[in-house]
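Reading through the structure tokens given below for one structure.
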Amino acid sequence: GNSVTQMEGPVTLSEEAFLTINCTYTATGYPSLFWYVQYPGEGLQLLLKATKADDKGSNKGFEATYRKETTSFHLEKGSVQVSDSAVYFCAPGAGGYQKVTFGIGTKLQVIP
Amino acid sequence: NAGVTQTPKFQVLKTGQSMTLQCAQDMNHNSMYWYRQDPGMGLRLIYYSASEGTTDKGEVPNGYNVSRLNKREFSLRLESAAPSQTSVYFCATAGVGSYNSPLHFGNGTRLTVT
């Protein structure tokens, strides 16, 4: 099945620093790829997506590019804010008989 | 539009008690999933259901049973709760289209087994 390997945290950054969280995938074919964010005490919510190779997903200042040649989908943000403190998960697409598993996520803490 | 609704939000059980966690969705999605989340362990898949009438084991199915009652509802049952099942449980759904759909999560059930 399709799976991802995600950089483990925790990651601690100062406000306005540049963020990269690495994610690489192993897949049969080219599934859609997603980043999810989980704020304290909440469930996961979709942050951004890319549906095919070379697609760039973006939302709330975060970006990730689906790179076939390096099988990667790294999450980036140019200037993080305290409000970005959360746990971030990378995952392949779901649906049908696809079993979707997650890693432990990457916990980001942004300090003022 | 409620999305994915989990009940209850919180539950405390004693060892050996049983309970059923409920999940209902109004998104007309075919696939439904149960995950548990523990500190330092991330999300682990317990069971999933690709469509009404089918269920399959995930990574950590022992100690749990599931029922896909209809397209909308997917319940998770603990027959004899153990302290190791203390966790936050999330239900998620996905629409039609293998490998292409995002997961939509409920807000979780926080279960403590004493």
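What's counted below: heavy atoms across the whole structure, side chains too, no hydrogens, waters or symmetry copies.
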(message) Does any backbone or side-chain atom of K9(B) lie under 4.5 Å from a heavy atom of chain A? Answer side chain, backbone, both or neither.
(response) neither
(message) Has Y33(B) got a side-chain atom pairing as donor or acceptor with A94(A)'s backbone, closer than 3.5 angstrom?
(response) no
(request) Look at the side-chain heavy atoms of Ile, Leu, Val, Met, Phe, Trp and Tyr, link any pair under 4.5 Å apart, and say whether W35(A) and V11(A) land in one connected group. (result) yes
(request) Select, from G41(A), A27(A), A91(A), P92(A), the one with the greatest count of heavy-atom pairs under 4.5 Å involving chain B. (result) G41(A)
(message) How close do Y36(A) and L103(B) get, counting heavy atoms only, and between which atoms?
(response) OH-N, 2.7 Å
(message) With clusters defined by side-chain heavy atoms of hydrophobic residues (ILVMFWY) lying less than 4.5 Å apart, directly or transitively, does F90(B) cluster with V37(A)?
(response) no
(message) According to a hydrophobic-cluster definition based on side-chain heavy atoms being under 4.5 Å apart (Ile, Leu, Val, Met, Phe, Trp, Tyr only), do Y25(A) and M7(A) belong together?
(response) yes
(message) Do T101(A) and L43(B) have side chains that approach each other closer than 4.5 Å (heavy atoms only, starting at C-beta)?
(response) no
(message) Do F34(A) and N100(B) have side chains that approach each other closer than 4.5 Å (heavy atoms only, starting at C-beta)?
(response) no
(message) For the CZ atom on R110(B), are there more than 12 heavy atoms of other groups (residues, nucleotides or ligands in this structure) within a distance under 6.0 Å?
(response) yes
(message) Only pairs of heavy atoms separated by less than 4.5 Å count here; which of G42(B), S49(B), G108(B) has the most with chain A?
(response) G42(B)
(message) Could you see if L46(A) belongs to whatever hydrophobic cluster contains V87(A)? Use Ile, Leu, Val, Met, Phe, Trp, Tyr and a side-chain cutoff under 4.5 Å.
(response) yes
(message) In this structure, would I46(B) and Y35(B) fall into the same cluster of hydrophobic residues linked by side-chain contacts under 4.5 Å?
(response) no
(request) Would you name the heavy atoms of N107(B) and G43(A) that are closest together and state the gap between them? (result) OD1-N, 4.2 Å
(message) Keeping R44(B) on the side-chain end and G103(A) on the backbone end, is there a donor-acceptor pair under 3.5 Å?
(response) no
(message) I need the K99(A) NZ to E59(B) CD distance, nearest 0.5 Å.
(response) 7.5 Å
(message) Within a 6.0 Å radius of atom NZ on K49(A), are there more than 12 heavy atoms belonging to other residues, nucleotides or ligands?
(response) no
(message) Any heavy-atom pair between the side chains of Q37(B) and Q38(A) that's under 4.5 Å?
(response) yes
(request) Tell me, yes or no, whether the heavy-atom count around K107(A) atom NZ, taken from other residues, nucleotides or ligands under 6.0 Å, exceeds 12. (result) no
